[in-house]
S.K.: 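Before anything else, here's the structure in question.
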Amino acid sequence: MSPADAWRVKLWGVVLVNLATLAWASNAVLGRFLRDDIGPLTLAALRFCLATALLLPLLRGLAPAERRPGADRWWLVGMALSGVVGFSPLLYWGLHHSTAVNSSLIQGFSPLITGLLAGWLISEPVSRRQTVGAALGLVGVVGLICRGSLDYLLSLSFNPGDLIFLLAAVNWAVYSVCARRVMRGRSAVAATVVSNLLGLPLLLLGAAIELPHAPLNLNPTTILAIAHICLVPTILGYWSWNRAVQTLGAGGAMAFYNTLPLYGALLGALALGESLGPSTLVFGGLILAGGVWGTTGGARN
């Protein structure tokens with residue numbers, strides 16, 4: 001591959017990973033909004049049922065080998081347990097007990113966790129550039145959330161729900177590493193759909209156990225919110241993320257994961273009229289700079 005082609009591939013990966021984080025930016029806000037209307041397991045089951053049903057026609061057009069678990073079945077099981085069964089219910093459960101702000105702050109550690117796991121599990125060590133990029137992004141996340149004020153950061157209160165967010169961050173790191181390993185031999189669509197199918201039985205069982213204790217309260221507003229979560233963060237977000245991981249590697253994609261709170265702030269300004277102060281622009285720029293730095297340069301840089 002020529003240097004020009006390599007740059008085009010990287011650029012496409014950067015576009016995809018930012019599309020994924022933009023798609024997910026509303027997920028924590030809507031999960032917090034829906035906390036009194038639907039349980040975390042039920043919400044996760046609904047989002048993955050609908051998303052998988054819509055993606056299944058794409059799977060039928062792929063080679064038979066891509067439609068079966070095959071030799072990488074245990075990596076697909078890892079994707080299912082961490083990204084489908086683990087991450088989403090943990091995120092929504094945490095939002096019952098803590099805030100979207102704390103969720104964004106704690107998930108800022110995901111790139112660093114991913115780097116450690118990538119080197120350990122799939123022999124894909126994260127480069128110095130990716131480590132620096134992830135660290136810059138984490139500083140940007142902290143600055144964005146505390147609005148550039150150390151007093152605001154120190155005043156944040158943490159509770160047991162934040163431990164749930166930390167577990168969610170670990171699950172997402174595991175999912176990204178397993179996805180990178182799986183997509184050495186299959187497409188992003190196949191990896192997404194097959195792992196979803198493997199995880200759905202456990203999610204549906206959990207939702208069936210949860211429903212008597214956390215009844216589903218459907219109204220036009222909640223239906224629209226659930227539909228958005230099913231279509232945008234799940235279908236668009238997961239496919240874009242997995243394709244970006246295939247292109248950039250787990251560490252390269254995770255260098256941009258910290259754009260989540262940045263896009264959340266931008267969407268809040270557009271949809272809710274919230275103000276964007278100088279700190280948003282400064283620390284948001286730092287997040288993007290960390291992502292760009294982490295995805296450029298050679299493999300050993």
S.K.: Do Y175 and R180 get their side chains close enough for a donor-acceptor pair, meaning under 3.5 Å?
M.R.: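 Note: Y175 and R180 side chains miss the donor-acceptor criterion.
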S.K.: Working to the nearest 0.5 Å, report the span between CD1 of I223 and CG of L46.
M.R.: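 If we round to the nearest 0.5 Å, I223:CD1 and L46:CG are 10.5 Å apart.
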S.K.: Could you check whether any side-chain heavy atom of V174 comes within less than 4.5 Å of a side-chain heavy atom of F87, counting everything from C-beta outward?
M.R.: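 Heavy-atom side-chain distance check fails, nothing below 4.5 Å.
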S.K.: What's the verdict on side-chain contact (heavy atoms from CB on, under 4.5 Å) for D37 and L216, showing C-alpha distance, side-chain angles and the deciding distance?
M.R.: CA-CA 6 Å; D37 296 305; L216 177 59; 6.0 Å; no
S.K.: Mind checking whether V170 and S82 have side chains closer than 4.5 Å, heavy atoms only?
M.R.: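 Contact flag for V170/S82 side chains = no.
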S.K.: Do V194 and L56 belong together in a cluster built from hydrophobic side chains that touch within less than 4.5 Å?
M.R.: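 They do share one cluster, since a chain of ILVMFWY contacts under 4.5 Å joins V194 to L56.
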S.K.: So, S88 side chain and V84 main chain: donor-acceptor pair closer than 3.5 Å or not?
M.R.: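 Not confirmed, S88 side chain does not pair with V84 backbone.
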S.K.: Write down the atom of L59, the atom of R67, and the distance for their closest heavy-atom approach.
M.R.: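 So the two residues come closest at O-CD, 3.1 Å.
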S.K.: Between L81 and L202, is any pair of side-chain heavy atoms under 4.5 Å apart?
M.R.: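 Of all side-chain heavy-atom pairs linking L202 with L81, at least one is under 4.5 Å.
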S.K.: Quick one: does T221's side chain get under 4.5 Å of F33's, heavy atoms only?
M.R.: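 A side-chain contact under 4.5 Å exists here.
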S.K.: Go through the steps for I38 and L218 under the test side-chain contact (heavy atoms from CB on, under 4.5 Å), then give the verdict.
M.R.: CA-CA 8 Å; I38 183 172; L218 289 179; over 6 Å; no
S.K.: Restricting to non-hydrogen atoms, name the atom on H96 and the atom on P40 that form the minimum distance, rounded to 0.1 Å.
M.R.: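 Closest pair (atom of H96, atom of P40, distance): CE1-CD, 3.8 Å.
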S.K.: With a 4.5 Å heavy-atom cut-off, do S187 and R243 have their side chains touching?
M.R.: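 Contact flag for S187/R243 side chains = no.
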S.K.: Do L43 and L204 belong to the same hydrophobic cluster, where Ile, Leu, Val, Met, Phe, Trp and Tyr are linked whenever their side-chain heavy atoms lie under 4.5 Å apart, directly or via other members?
M.R.: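 Cluster IDs for L43 and L204 differ.
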S.K.: Output, in order, the C-alpha distance, side-chain angles, deciding distance and verdict of ring pair (Phe, Tyr, Trp, His ring centres under 6.0 Å) for Y238 and W172.
M.R.: CA-CA 11 Å; Y238 270 67; W172 189 252; 5.5 Å; yes
S.K.: Just verifying a value: how many Å separate L205 CG and L200 CG, rounded to the nearest 0.5 Å?
M.R.: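 Taking CG in L205 and CG in L200, the distance rounds to 12.0 Å.
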S.K.: Between I209 and H213, what is the shortest heavy-atom contact and its length?
M.R.: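 In terms of heavy atoms, the two residues are closest at O-CD2, 3.2 Å.
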S.K.: Quick check: does any side chain N or O of E210 sit under 3.5 Å from a backbone N or O of T42, one acting as donor and the other as acceptor?
M.R.: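 Checking the backbone N and O of T42 against the side chain of E210, a donor-acceptor pair under 3.5 Å is found.
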S.K.: Atom SG of C178 and atom CE of M183: how far apart are they, to the nearest 0.5 Å?
M.R.: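 Going from SG on C178 over to CE on M183, the span is 10.5 Å.
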S.K.: Under the criterion side-chain contact (heavy atoms from CB on, under 4.5 Å), I'd like the reasoning laid out for L34 against T222: C-alpha separation, chi angles, the key distance, then a yes or no.
M.R.: CA-CA 7 Å; L34 291 168; T222 59; 3.8 Å; yes
S.K.: Identify whether V193 and L58 are in the same connected component of the hydrophobic contact network (ILVMFWY, side-chain heavy atoms under 4.5 Å).
M.R.: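 Linked, V193 and L58 end up in one cluster.
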S.K.: Are a donor atom and an acceptor atom from the side chains of S176 and W241 found within less than 3.5 Å of each other?
M.R.: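 Indeed, the side chains of S176 and W241 share at least one donor-acceptor pair under 3.5 Å.
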S.K.: Treat each ILVMFWY residue as a node, draw an edge where side-chain heavy atoms are under 4.5 Å apart, and state whether V85 and W74 are in one component.
M.R.: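 Shared cluster, yes.
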S.K.: Flag yes if L54 and W24 sit in one hydrophobic cluster, no otherwise; membership is Ile, Leu, Val, Met, Phe, Trp, Tyr, and two members link when side-chain heavy atoms are under 4.5 Å apart.
M.R.: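 Linked within one cluster.
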S.K.: Give the minimum heavy-atom separation between A191 and L76, together with the two atoms involved.
M.R.: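 Closest approach of A191 to L76: O-CD2, 4.0 Å.
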S.K.: In Å and rounded to the nearest 0.5 Å, what is the CE to OG1 distance from M79 to T192?
M.R.: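 The OG1 atom of T192 is 5.5 Å from CE of M79, to the nearest 0.5 Å.
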S.K.: Check whether any side-chain N or O of T21 sits under 3.5 Å from a backbone N or O of N18 as a donor-acceptor pair, and report yes or no.
M.R.: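 Indeed, once roles are kept as given, a pair shorter than 3.5 Å links the two residues.
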S.K.: Keeping E66 on the side-chain end and R186 on the backbone end, is there a donor-acceptor pair under 3.5 Å?
M.R.: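 Between the backbone of R186 and the side chain of E66 there is no qualifying donor-acceptor contact (under 3.5 Å).
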S.K.: Within this structure, what is the CG-OG1 distance for the pair N27 and T234, rounded to the nearest 0.5 Å?
M.R.: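 If we round to the nearest 0.5 Å, N27:CG and T234:OG1 are 7.0 Å apart.
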S.K.: Which pair of heavy atoms, one from V189 and one from L62, lies closest together, and at what distance?
M.R.: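 Closest heavy-atom pair between V189 and L62: CG1-CD1, 4.3 Å.
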S.K.: Where is the tightest heavy-atom contact between S240 and L19, given as atom of each residue plus distance?
M.R.: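 Heavy atoms only, the tightest pair is OG-CD2, 3.5 Å.
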S.K.: Does the side-chain contact (heavy atoms from CB on, under 4.5 Å) test come out yes or no for Y92 and I229, once each step is laid out?
M.R.: CA-CA 12 Å; Y92 298 138; I229 288 174; 3.4 Å; yes
S.K.: Distance from N171 atom CG to F165 atom CZ, nearest 0.5 Å?
M.R.: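 Result: 13.5 Å between the selected atoms.
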